[in-house]
A.B. asks: 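Okay, handing you the structure first.
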Protein chains: 2
Amino acid sequence: MTLNITLQALSDPTRRKILEILKKKDLAAGELGKNFDMTLPSLSHHLNVLKQADLVTSRRRGQEIIYSLNLSVFEEIAEKLIKFFKKL
Amino acid sequence: MTLNITLQALSDPTRRKILEILKKKDLAAGELGKNFDMTLPSLSHHLNVLKQADLVTSRRRGQEIIYSLNLSVFEEIAEKLIKFFKKL
DNA sequence: GTATAATTTAGATAGTTGTCTAAATATCTA
DNA sequence: TAGATATTTAGACAACTATCTAAATTATAC
């Protein structure tokens with residue numbers, strides 16, 4: 001994942017809030033939605049951006065789709081950010 | 001400066017490149033422009049975004065305006081980023 | 001003070017993004 | 001299989017962003 005896509009995904013408050021909520025526990029899209037004043041399709045859009053950036057993963061559980069932080073990439077992201085800041 | 005404004009400023013490749021160039025040395029807007037395939041007014045727009053985000057400072061030197069990294073805020077930014085990632 | 005140089009500001013435009021409603025898809029249950 | 005539930009996809013639209021050209025600003029040099 002490029003630094004570009006990662007930063008772009010992170011540069012939206014709604015998406016950062018999604019990540020913070022998912023930190024506490026994995027949640028279905030609908031449950032997540034209760035935290036936002038926004039329609040589910042809009043939320044779905046943000047979830048998709050986060051997925052494209054590899055920041056979250058999703059799995060189906062019956063009728064629901066459960067979203068989780070993709071913790072495994074966070075180290076890599078932190079590394080990239082540090083590398084970038086070290087250039088500065 | 002809010003994390004939001006910082007991340008938004010950083011989430012553009014042109015602006016990150018500006019920061020990397022300024023790392024090496026302070027430069028006038030016109031000198032900076034030689035590194036980009038873009039008109040000076042466009043570059044000026046990006047410089048302004050970086051200034052609003054407090055990532056660069058500028059001073060006049062005769063006819064030129066010299067841009068510099070605002071290194072003093074970088075620690076603060078890194079701190080905010082770390083704090084955010086720690087929530088995750 | 002007039003011309004030149006460096007940069008920004010103003011205004012226009014095309015592309016991107018966030019949001020919505022409506023429709024489609026996938027799953028479960030009776 | 002029909003109906004209900006959860007979510008996404010499609011399509012439209014307004015707001016925002018990056019870019020450009022032309023004009024304005026600021027400073028120097030003659």
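Quick note on labels: first sequence line is chain A, next is B, and so on, each numbered from 1.
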A.B. asks: Can you find an N or O donor on one side and an acceptor on the other, under 3.5 Å apart, linking the side chain of B:Gln63 with the base of C:dA5?
C.D. replies: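 Side chain to base: pair present.
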A.B. asks: For B:Met38 and C:dA14, what is the distance between atoms CE and P respectively, to the nearest whole Å?
C.D. replies: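 One finds 19 Å between P of C:dA14 and CE of B:Met38, rounded.
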A.B. asks: Distance check, rounded to the nearest 0.5 Å: B:Leu55 atom CG versus B:Leu71 atom CG?
C.D. replies: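 Separation between the atoms: 10.5 Å.
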A.B. asks: Show the nearest heavy-atom pair for residues A:Thr6 and A:Met1, with the distance to one decimal.
C.D. replies: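 Residues A:Thr6 and A:Met1, closest heavy atoms: OG1-CG, 3.9 Å.
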A.B. asks: Taking atom P of C:dT17 as reference, at what distance in whole Å does atom CD1 of A:Ile5 sit?
C.D. replies: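 Result: 11 Å.
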A.B. asks: For the residue pair B:Leu47 and B:Val56, what are the closest heavy atoms and their distance?
C.D. replies: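 The answer is O-CG2, 4.1 Å.
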A.B. asks: Earliest and latest nucleotide of DNA chain D, 5' to 3', sitting under 4.0 Å from a non-hydrogen atom of chain B?
C.D. replies: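 Nucleotide range in contact with chain B: D:dT17 to D:dT28.
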A.B. asks: Quickly work out the B:Leu40 CG to C:dT7 P distance and round it to whole Å.
C.D. replies: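 Taking CG of B:Leu40 and P of C:dT7, I get 7 Å after rounding.
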A.B. asks: Give me the atom names and distance for the closest heavy-atom approach of B:Ser68 to B:Arg59.
C.D. replies: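 Answer, listing the atom of B:Ser68 first, then B:Arg59: OG-NH1, 3.0 Å.
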A.B. asks: Looking at A:Thr39, I'd like to know whether one of its side-chain N or O atoms comes within less than 4.0 Å of OP1 or OP2 on C:dC20.
C.D. replies: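 Affirmative; the distance criterion is met.
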A.B. asks: Take the protein atom NE2 of A:His46 and the nucleotide atom C1' of C:dT17, then report the distance between them rounded to whole Å.
C.D. replies: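 Roughly 9 Å, once rounded to whole Å.
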A.B. asks: Please report the distance, rounded to the nearest Å, between CZ in B:Arg61 and C1' in C:dA5.
C.D. replies: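 After rounding, the reported distance stands at 14 Å.
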A.B. asks: Taking the basic N atoms (NZ, or NE/NH1/NH2) and the acidic carboxylate oxygens, is any pair closer than 4.0 Å for B:Lys83 and B:Glu79?
C.D. replies: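 Judged by the 4.0 Å cut-off on N to carboxylate O distance, B:Lys83 and B:Glu79 do not form a salt bridge.
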A.B. asks: Heavy atoms only, 4.0 Å cut-off, all strands: where does A:Arg15 land among base, sugar-phosphate and nothing?
C.D. replies: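 Answer is sugar-phosphate: A:Arg15 comes under 4.0 Å of backbone atoms only.
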A.B. asks: Once rounded to the nearest 0.5 Å, what's the spacing between atom CD1 of A:Ile18 and atom OH of A:Tyr67?
C.D. replies: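 If we round to the nearest 0.5 Å, A:Ile18:CD1 and A:Tyr67:OH are 9.0 Å apart.
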A.B. asks: Heavy atoms only: give me the nearest A:Gly33-A:Leu40 pair and the separation to one decimal.
C.D. replies: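 Of all heavy-atom pairs spanning A:Gly33 and A:Leu40, the closest is CA-CD2, 4.3 Å.
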A.B. asks: Measuring to OP1 and OP2 of C:dT8, would you say a side-chain N or O of B:Ser44 lies under 4.0 angstrom away?
C.D. replies: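 For C:dT8, OP1 or OP2 has a side-chain N or O of B:Ser44 closer than 4.0 Å.
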A.B. asks: Need one value for A:Asn48: base, sugar-phosphate or nothing, where a base atom within 4.0 Å counts as base even if backbone is also close, heavy atoms only.
C.D. replies: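 The residue A:Asn48 makes no contact with any strand.
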A.B. asks: Between C:dA10, C:dT4, C:dT17, spot the one nearest the side chain of B:Pro41, thanks.
C.D. replies: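 Closest nucleotide to the B:Pro41 side chain: C:dA10.
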A.B. asks: Separation of A:Phe36 atom CZ from C:dT19 atom P, in whole Å?
C.D. replies: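 Between P of C:dT19 and CZ of A:Phe36: 10 Å.
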A.B. asks: Using a cut-off of 4.0 Å on non-hydrogen atoms, how would the nucleic acid contact of A:Tyr67 be classed: base, sugar-phosphate, or nothing?
C.D. replies: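 Result for A:Tyr67 = sugar-phosphate.
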A.B. asks: Distance check needed: C:dA5 P versus B:Arg60 CZ, whole Å only.
C.D. replies: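 Nearest whole value for this atom pair: 16 Å.
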A.B. asks: Provide, to the nearest angstrom, the distance between the NE2 atom belonging to A:His45 and the P atom belonging to C:dT17.
C.D. replies: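 Checked: the NE2 to P distance equals 8 Å.
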A.B. asks: When you match B:Ile66 and A:Asp12 each to their closest nucleotide on DNA chain C, which lands nearer the 5' end?
C.D. replies: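 Mapping each residue to its closest nucleotide by heavy atoms, the 5'-most match is B:Ile66.
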